[in-house]
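Just so it is clear, the model here is predicted, and its values are computed rather than measured. Chain letters run A, B, ... following the sequence lines, proteins first, then strands; residues in each count from 1.
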Amino acid sequence: MKPVRVRFAPSPTGFFHIGSARTALFNWLYARHTGGTFVLRIEDTDRERNTPEALEGLLRSMRWLGLDWDEGPGAGGEFGPYFQSERGDIYQSYLEQLQKAGRTYEKEGAIYFKLEGERYTEYDDYLQTEVEKVRAEPVLIRDLIRGDVSRAENRDFVIYRANGDPTFHFVNVVDDIAMGITHVIRGEDHLSNTSKHIELFQAFGAPVPEYAHLPLILKDPSIGKGKMSKRDRGALIDEYQERHFLPAAVRNYVALLGWSPKDDREVLDVGEIIEKFELSDIQKSPARFDEKKMAYINFEYLKALPVETYAWFARPVLTAAGLMAEEGSESYLQRVLALCQEKITSLEELPKFCAYFFTDQFERDSAAYEKLNKKGDFQVRLSEARTALAAIAADEWNTANLESCFAALAEQHSLKQHAWWPVVRYAVSGVTSGPDFLPMLEVIGRDVVIARLSV
RNA sequence: GUCCCGUUCGUCUAGCCCGGCCUAGGACACUGGGUUUUCAUCCCAGCAACAGGGGUUCGAAUCCCCUACGGGAUGCCA
């Protein structure tokens, strides 16, 4: 069997969204699974709408997700150039081939591809005008996900615009031929286009690649109907990068949109996904993006990280939030993170969650204070705790001694330690929930704790 | 309008190709309990689906047909 060559062929007209990311991911997974080649080809034939910023954003997001390409921008390859805007000569020679074969004609400055079959005119309800149609033989689309699909084209279509640029259908097919693409993995929205493409492959006398049309990703019904678009909330990959999601978690979640390992497991490392990935296991029906589930997967990844790695991801988040200096203490950072790691689902929550470990300028939840002070004994408890804790020497400030300190206090007043804990926690952190209480005090340190209890 | 694709818990899915093991499994979410001296994590339990109708068959989520609904295409966008 021929070695697999797949391509992801985005058009840099906007940001990289979930749907494109999944198409890229599935192509990449298939290439890695089969030991084939993953080509990145930039379809920038629409000069009006392409921007360099969009291209940059796209490459950045691809790299962030770890989708490395074997051929394409920055990677080289024997089938270049990989920007369609630089392949004009190639398209021109393929065009001549069709012209010689008598499969084209010109109309209003544009060049059309001519279908074979009986011609007739008919009123078209969609276009609301009389159009020329063709009774062409249906083409057979052999799709690895959907099985055989038969579809007939019935209108000639433009392959070169009046402005001299070739169109998507034409360049897409020409490049797939010229680049030796063996498998076309793309969204289901292209299924109806595929009959055009196969007509072209046949006109060129080229072998038709294998197809795999992926089910679409639909909008959350609370936002609207139809396929997810780049304007929808949660649609942009960029957003997850900015929100400090782990790329591996996002990649894992996106892989689960339409594909499943079929063994009831969902959190899989990328090696396992590559190993198990099969196009024929892909779902036929569309999926809906679920942010909560992605957050859950992210949480699972976060919890599994060694604290050193966790710190590596967390440090830039905390420095960006102004809580930590670039070269702030690594050991202190790790002690703090060890307490926070299993408490939060996304790193974006981290600055708010642990601010009080780094600064005295943290927010206080006044509603929580009202609750704690219902009996009006907040200050009393606080000062009791302060006196007791102040008796602990600096070099004896640890969880075990803090424990006995509170135990003694409890005995003395015939109360539970719990009588002081929330009060102290609030005084020290401004909230009533957070990491383990005693270790938290230990890490924050004696002087800071005592000072905060005095306010 | 026409053509094409699809339809299992609220959501993602397993099962469907090769009918019986399916009183339909898992996960997220949600609800309730438990563990935790705090807060989380965690554990347990509960909720909840084969779109509808016909057929084929001893037997259908699984095969066939129809209907409904959803999606896509129908562009000198990709």
Under 3.5 Å, which donor-acceptor pairs link side chains of residues 351-359 of chain A to any protein atom two or more places apart or in another chain?
{"residue": "T359(A)", "atom": "OG1", "partner": "Q361(A)", "partner atom": "N", "Å": "2.9"}

Is it true that the NZ or CZ of R135(A) lies under 6.0 Å from the centre of Y120(A)'s six-membered ring and within 45 degrees of the ring axis?
-> yes
Protein-nucleotides 26-28 of chain B N/O pairs under 3.5 Å:
{"residue": "G26(B)", "atom": "N2", "partner": "E266(A)", "partner atom": "OE2", "Å": "3.4"}
{"residue": "A27(B)", "atom": "O2'", "partner": "E266(A)", "partner atom": "OE1", "Å": "2.3"}
{"residue": "A27(B)", "atom": "O2'", "partner": "K293(A)", "partner atom": "NZ", "Å": "3.3"}
{"residue": "A27(B)", "atom": "N3", "partner": "K293(A)", "partner atom": "NZ", "Å": "3.1"}
{"residue": "C28(B)", "atom": "OP1", "partner": "Y296(A)", "partner atom": "OH", "Å": "3.4"}

Closest to the side chain of A287(A), out of C12(B), U37(B), C39(B), is C12(B)
Is R22(A) positioned over the aromatic face of F26(A), cation under 6.0 angstrom from the ring centre and no more than 45 degrees off axis?
yes
Worksheet item: Counting heavy atoms not belonging to E130(A), are there more than 12 under 6.0 Å from its CD?
Response: yes
| Salt bridge flag under 4.0 Å for residues R151(A) and E153(A) | yes
Of all heavy-atom pairs linking Y301(A) and L268(A), the shortest is OH-O, 2.9 Å
Is there any protein nitrogen or oxygen under 3.5 Å from a nitrogen or oxygen in nucleotides 46-50 of chain B, and what are the pairs?
none

Among the nucleotides G6(B), C5(B), G1(B), whichever has the atom closest to the side chain of S285(A) is G6(B)
Next on the checklist: Between A49(B) and C44(B), how far apart are the two P atoms, rounded to whole Å?
Outcome noted: 23 Å
Readout for nucleotides 66-78 of chain B: B = base within 4.0 Å of protein heavy atom, S = sugar-phosphate only, - = neither; 5' to 3' it is -----SBSBSBBB
Scanning both residues in full, the closest heavy-atom pair of P10(A) with L58(A) reads CG-CD2, 3.6 Å
Side-chain atoms of V149(A) come closest, of C4(B), G6(B), C39(B), to C4(B)
d(R41(A) CZ, R7(A) CZ) to nearest 0.5 Å is 5.0 Å
Next on the checklist: Under 4.0 Å, heavy atoms only, any strand: does S150(A) hit a base, just the sugar-phosphate, or nothing?
Outcome noted: sugar-phosphate
Using a distance-only criterion (donor-acceptor N/O pair, under 3.5 Å, no hydrogens), is the base of C39(B) paired with the side chain of K343(A)? yes
Same-atom distance (C1') from G32(B) to C47(B), integer angstrom: 10 Å
Paired to G6(B) by Watson-Crick or G-U wobble criteria (both distances under 3.5 Å) is C69(B)
Next item on the list: For nucleotides C77(B) and C30(B), find the distance between their P atoms and express it as a whole number of Å.
Entry: 46 Å
Q: With P as the reference atom in both, quote the distance from A14(B) to A27(B) in angstrom, rounded to an integer.
A: 15 Å
Mind checking I141(A) for me? I need base, sugar-phosphate or nothing, with any heavy atom below 4.0 Å counting as a touch.
-> nothing
Checking N1-N3 plus N6-O4 or O6-N4 for Watson-Crick, or N1-O2 and O6-N3 for wobble, each under 3.5 Å, the partner of G1(B) is U74(B)
Whichever of D148(A) and D281(A) has the more 5' nearest nucleotide on RNA chain B, that residue is D148(A)
- In whole angstrom, give me the gap between the C1' atoms of C21(B) and U37(B). 49 Å
K343(A)/E349(A) salt bridge by N-O under 4.0 Å criterion: no
Check your understanding: Using the C1' atom in both, what is the distance from G20(B) to A60(B), to the nearest Å?
Key -> 9 Å
task = For E106(A) and Y112(A), run side-chain contact (heavy atoms from CB on, under 4.5 Å): C-alpha distance rounded to whole Å, both residues' side-chain angles, the deciding distance at 0.1 Å, then the answer.
result = CA-CA 6 Å; E106(A) 211 174 309; Y112(A) 282 72; over 6 Å; no
ask   = Looking only at atom P, what distance separates U62(B) and U2(B), rounded to whole Å?
value = 28 Å
| query | Are F313(A) and H244(A) close enough that their ring centres sit under 6.0 Å apart? | reply | no
Note: contacts of residues 269-278 of chain A with RNA chain B (heavy atom, under 4.0 Å) are none
Polar-atom pairs under 3.5 Å, protein N or O versus N or O of nucleotides 15-23 of chain B: list them with distances, or write none.
{"residue": "G15(B)", "atom": "OP2", "partner": "K262(A)", "partner atom": "NZ", "Å": "3.3"}

Rounded distance in Å between the P positions of G46(B) and A40(B): 25 Å
